[in-house]
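Quick caveat: nothing in here was measured; it's all calculated off a predicted structure.
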Amino acid sequence: MRISLLFFFIVFRIVPVICQTGPAGVGTPATNVFWIKGDKGTSSITNGTAINVWNDQSGNGINVTQTISVQQPSFATNVLNGFPAIQFDNNSTSGQNDYLTAPDNSKLDNTPGYSFFTTTKLNAIGVDARCIVSKRTAIDVDEAFMLFFWEPSYLYFDVDGLGDRQSTTPLTYTTNTPYIMDGIYDGSLPSASRSKIYEGEALRKTFSESSALVPDKPSPLNIGCTHASNNRPFGGYIAEVIIYTVTVNDAERIIVNNYLSSKYNVPLTANDKYLGDTPGNGDYDREVAGIGKESSGSNPTFSASVSSGLTIANTGGLDVGDYILAGHASPGNAQILYDVGGMTGINNARWFRIWYIDITNTSTALTNTIEFDMSDGGIATTLGSASDYVLLYRAAQTGNWTELVTATSVVGDRVVFPGVTLTNDGYYTIGTRNYLISPLPVELLSFNATKNNSKVDINWATASEKENASFNVEKSKDGISYETVFSCAGKGNTSSTTNYSGMDEYPFNGLSYYRLKQTDNNGNFTYSYNVALNFNNGSDAFIVFPNPSNGDISINIKGLQNQQLSLSITDALGRQCFSKDLYVTENDLVLDLSTYYKLAAGSYMVVMRSNNTVYSQKISVR
């Protein structure tokens, strides 16, 4: 199944569709009342450091905290598919077990419906109740809900007390295995079928629940414990917890589980609607969002705020069984001038971020309004003429682009493409046919950091600038917390290529990251992609040799096994001479580029991109 995307400025019909801002584009703060995830909102992002706050991402401000240091869980990096999670220890000593809590909030109960989505990995299981999330004061006291693993190794689900408690028996679970577990409650159904437990989209249990409504309970919300005075530990990792105070329909449940499955690389046993998360398709795992429909209801739109720049709103043809899911692979974004083959116009550029879109269409053609939002995409700017902006599509990760549609309107910082028929799976982004007239504030040609004895040379070039006030070069040890290395003034407005350079005289030892912050005259700013540099005497992620050379060069790539890489070579003027995408399966690979291309005499920059990290090395050809 294939798709057609566009830049999307939402110009709905007379009554606008409300874009869904919850996980995967399902729900709004009115229904998605609580949402925590390990990659956002934690008080620390340093591996092994205790956290005392985990902020709610639903918009309701139900933040969970822990003031007692010995009971604070810790931040853990790269737990599931490269994403972090929060580690709760297995200490069952009274007053020492890890947990987080939030005071009673009326938004969390007094409801005839619940939908819980969790992603966890246990380090211990068995006799103690290993609770993911609960709202109760004590055993069966003011208990609105509880979702937990317990002996021998089942998942249990309580709604409105423990009187109708059920588990996944006879299905058991093991340690060191990630699971996506859902608890669904619908008080409008007959009592015999009100509660369900799903595992990875497989229905594991349907059971009876006597309550048709969970009343308001004066109890706190707990993460990692059954209740605050109980010392039974969770003992493992919690990556994400999502709570809706409605019963999501089947399409919404399927979309949320596809989002979690793609992000954390936990396979679904049914209803896998998104294939962009496979290595063969480039692992477009990030911020998967979608629209879809089943007989129980639909999810007709998702917001750019949950997908880092892309909105899709269906306007026709959404039948039962139809889905459109989109995800990307790039934490950062920029407007780039390379890899724009196939475009028309005189000064071509496109977004660095690309979405893989997977379409399931059972019958009627799917028409949609598609929008790319500049600020949600990470590039705040004043846009130019709508006629310069085009939706780009290609069926593979490399090759020429096809211009599918020209935008019809620009509204603020959004570009709108209404009435787009989506039919083809593949890769989509937005392009401009003339970045000099319809640009981002700065058209960045290149940004590189290279060793120079005990210092680091920083060089970058712009193809044009619009209302550009200044640049800051920043560096970081972890790619998250940055400090300024040096600043310099921009050119204001220019359509000519401008080269900049500077030096980091006191680089960090070991692996560090550099980025460029560009600020407009009006105070808006954007960031470039990260450039990684290993300042140890040992090898970097890649080495180009020989250097200097006669034009025949090879690249030794180390430590990037099972990653999609993009190689490019630019000359001293920033012009691209060579590019190649490849999927690395070895931990130590030597790639002979002379079989593809031989360089003429001169100076060149060899750049290797891996997700949002860029490695570079300057070479000389004699």
Could you pull out all residues at least two apart from D388 that satisfy salt bridge (charged side-chain N to carboxylate O under 4.0 Å, His left out)? none

Could you tell me which non-hydrogen atom of D319 sits nearest to which non-hydrogen atom of T362, and how far apart they are? CB-OG1, 3.8 Å

What one should report as the nearest heavy-atom pair of V79 and K121 is O-NZ, 4.0 Å

Give, for atom OH of Y435 and atom CD1 of I346, the distance between the pair rounded to the nearest 0.5 Å. 9.5 Å

Should L392 and T402 count as side-chain neighbours, where that means a heavy-atom distance under 4.5 Å? no

With rounding to the nearest 0.5 Å, note down the distance linking CG in D283 to CG in N81. 7.0 Å

What's the verdict on side-chain hydrogen bond (donor to acceptor under 3.5 Å, both in side chains) for T315 and N368, showing C-alpha distance, side-chain angles and the deciding distance? CA-CA 5 Å; T315 55; N368 307 270; 5.8 Å; no

Run through Y244, Y114, F34 and flag the one making a ring pair (Phe, Tyr, Trp, His ring centres under 6.0 Å) with F145. Y114

To the nearest 0.5 angstrom, please state how far the CG atom of D56 sits from the NZ atom of K40. 11.5 Å

Is it the case that R253 places NZ or CZ above or below the six-membered ring of Y198, under 6.0 angstrom from the centre and within 45 degrees of the axis? yes

Under a 4.5 Å cut-off applied to non-hydrogen side-chain atoms, are Q57 and N55 in contact? yes

Using 0.5 Å steps for rounding, measure from the CE atom of M343 to the CG atom of N434. 10.0 Å

Heavy-atom closest contact (N400 atom, R394 atom, distance): O-CB, 3.6 Å

Tell me, with the steps shown, if L155 and F157 meet side-chain contact (heavy atoms from CB on, under 4.5 Å). CA-CA 7 Å; L155 182 85; F157 186 27; 5.9 Å; no

Using salt bridge (charged side-chain N to carboxylate O under 4.0 Å, His left out) as the criterion, list what pairs up with E199, not counting sequence neighbours. R204

Rounded at 0.5 Å granularity, tell me how far CZ in R433 sits from OG in S387. 7.5 Å

Under 4.5 Å between any side-chain heavy atoms of I242 and V256, yes or no? yes

Less than 4.5 Å apart, any side-chain heavy atom of Y323 and any of N258? no

May I ask you to test the V390-T432 pair for a side-chain heavy-atom distance under 4.5 Å? no

Run the salt bridge (charged side-chain N to carboxylate O under 4.0 Å, His left out) test against D272 and tell me which residues pass, sequence neighbours left out. none

Decide, yes or no, whether a salt bridge links R350 with D339 under the criterion of side-chain N to carboxylate O below 4.0 Å. yes

Evaluate I312 against I324 for side-chain contact (heavy atoms from CB on, under 4.5 Å), listing each step before the verdict. CA-CA 9 Å; I312 299 179; I324 300 174; 4.1 Å; yes

Applying side chain to side chain donor-acceptor pair (under 3.5 Å) to E287 and not counting sequence neighbours gives S308, H328

D277: side chain to side chain donor-acceptor pair (under 3.5 Å) partners, not counting sequence neighbours: S262

Can you name the closest pair of heavy atoms from Y185 and E209 and give their distance? CE1-CG, 3.7 Å

Pairing residues for R194 by the salt bridge (charged side-chain N to carboxylate O under 4.0 Å, His left out) criterion, not counting sequence neighbours: none

With no hydrogens and no angle check, just 3.5 Å: does a side-chain donor-acceptor pair link S305 and D376? no

What I want to find out is whether E240 reaches K263 closely enough, with some N-O distance under 4.0 Å, to be called a salt bridge. yes

With heavy-atom distances below 4.5 Å as the criterion, would you say the side chains of D182 and N257 are in contact? yes

Does some side-chain heavy atom of V26 sit less than 4.5 Å from a side-chain heavy atom of N32? no

Search all heavy atoms of A326 against all heavy atoms of F302 and return the closest pair with its distance. CB-CZ, 4.4 Å

Any side-chain donor paired with an acceptor under 3.5 Å for Q518 and N468? yes

Note: Y427 and A395 closest approach over all heavy atoms is CE1-O, 3.5 Å

May I ask you to check whether T118 and T120 show a side-chain donor-acceptor distance below 3.5 Å? no

For the pair F372 and W351, name the ring-plane relationship: parallel under 30°, tilted 30 to 60°, perpendicular over 60°. perpendicular

Supply the atom-to-atom distance I291 CD1 to L318 CG, rounded to the nearest 0.5 angstrom. 5.5 Å

Are a donor atom and an acceptor atom from the side chains of K107 and N60 found within less than 3.5 Å of each other? yes

